[in-house]
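Reviewing the structure listed below.
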Amino acid sequence: SYGSVFTHAKAGMENVDRERVARVVYDATVGTPHHENETRKERATSKRIAAMKAKGQGMTKTEWETFGRRADERARAMERTRSGARKWLVVDMDGFYAACEELYDPALKSVPVGVAAGPSSVLTTANYVARKYGVRAAMPGFIAKKLCPDLVFVKPDFKKYVKASNESRGVFAQYNPDYIAGSLDEAYIEVTEYCEKHDTTMEAIAEEIRSKVKEATGGLTCSVGGGCSRRLAKVCSDFNKPNGQYILGTTRDDILKFLRDLPVRKMYGIGKTLERILNEFDIKTCGDLLAKRATMLALFTPKAFDFLLGIALGIGTECHPRETPEGSGGRKGVSKSETFKATADKAYLDAKMTELATEVALECQRLNLKGRMVAVKLKRSTFDVIQRQTTLAGPTNDVKTIVNSALRLMRNENSIGANMTLRLVGA
DNA sequence: TACATACAC
DNA sequence: CATGGTGTATGTA
């Protein structure tokens, strides 16, 4: 249920009193519009699960056998793409924003810290002291404060993070200038050639990177994962967090052993909803996922099945995204949105939308991009999201065209004001 | 194409 | 009292 959202974190929360966290979160949120909306979404997921179960129960023994055979065939086909020849490292900074703040104010190191714009907004990061209380990223400040009354709030200061990020990237570039920046605090580095040329190993490079990053940033620690694909390196980066590393062997046996007892939720792309769905079919670990591949094939879409089977077998894209047609494309959208105190004031909403749509157009111009579609996002005070979109005559980044389209889309929603107030608009 | 939802950071 | 912003992918109609 919703009460468990913050207790199934991906890292650093192993010794947290989960029951207490669940209770505090529940008590603080039950009855709020946000909680109501979460409950609504959960009911929709329940419905989806029920439909999947009904579909499964309606199938004959023969049909199941066919799915079993086809799932095995798909697994064999996927096995043929396994090579294990590449070496990928993923570097992930530990509690990045909070750690940056501690560099500038070392007194913060010994107290629980949450980085957030204000005490009632959402935390971008919590330091490891705060995490012991169950405080974590994406948690609203007022709940974090209930879990940990001594929590110190620090406002985000991106100049610090960009500086530290650039310093760490200087290190990554030594191993492969073509590293992939996942975000300010995360990078994917292919070190196949570097290992070959310098006769070294992922283990040794991981050690070097951790020490050099600490040096270059003036004391920040990071965790490193290694494996033969980006997917595996990524999970491994979390395995010995913080300030640790884990390099997974590249044989099929190494990989399947590692995955057997690994909770599915640890894998990139499996969030709380998919975790819940899989749990309903008694799938908790990647090993379970492999064992139940026939069920997955029968109940999920082909794309979702391939994604899940890839996770179960530990097979992912091994090549650099630059080597694939999709990977070489540029960005696909530009957007701006803002949350405010819920209102039905049309003049206010018009002004806000105009401002945001203008920023979008200017950003497109700055990036030298043109869009074929304008979409607006409206969030009601009840937290449900409405999206409206329109396709333009041709690609544009003209301010007037984009602003007018966005305004028209929003004004079409004539229930605004009548029985609806908004807490966010975006274009 | 239009819209909603999930996910990551 | 009270839950962010940006970008991507996918499912469904």
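Throughout, a chain's letter reflects where its sequence line sits, starting with A, and its residues are numbered from 1.
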Any idea which heavy atoms bring L299(A) and F281(A) closest together, and the distance?
CD1-CE2, 3.4 Å
With sugar-phosphate meaning primed atoms plus P, OP1 and OP2, does L184(A) contact a base, only sugar-phosphate, or nothing at under 4.0 Å between heavy atoms?
nothing
Atom pair CG/CD of L220(A) and E102(A) - distance to nearest 0.5 Å
9.0 Å
Hey, are K241(A) and D92(A) close enough for a salt bridge, meaning a charged N less than 4.0 Å from a carboxylate O?
yes
Spacing of the P atoms in dA8(B) and dT3(C) (rounded, Å)
23 Å
Between dG5(C) atom P and Q387(A) atom CD, what is the distance in whole Å?
15 Å
Return whichever of K303(A) or K146(A) has its heavy-atom-nearest nucleotide of DNA chain C closer to the 5' end.
K146(A)
If you assign V122(A) and S337(A) each to the DNA chain C nucleotide with the nearest heavy atom, which residue ends up on the more 5' nucleotide?
V122(A)
Could you check V385(A) against L274(A) and say which one's nearest nucleotide on DNA chain B is further toward the 5' end?
V385(A)
Considering only heavy side-chain atoms of R265(A), the closest of dA8(B), dA6(B), dC9(B) is dA8(B)
Of G182(A) and R40(A), whose nearest nucleotide on DNA chain B comes first from the 5' end?
R40(A)
Lys/Arg cation over aromatic F172(A): R169(A), 6.0 Å, 45° cone
no
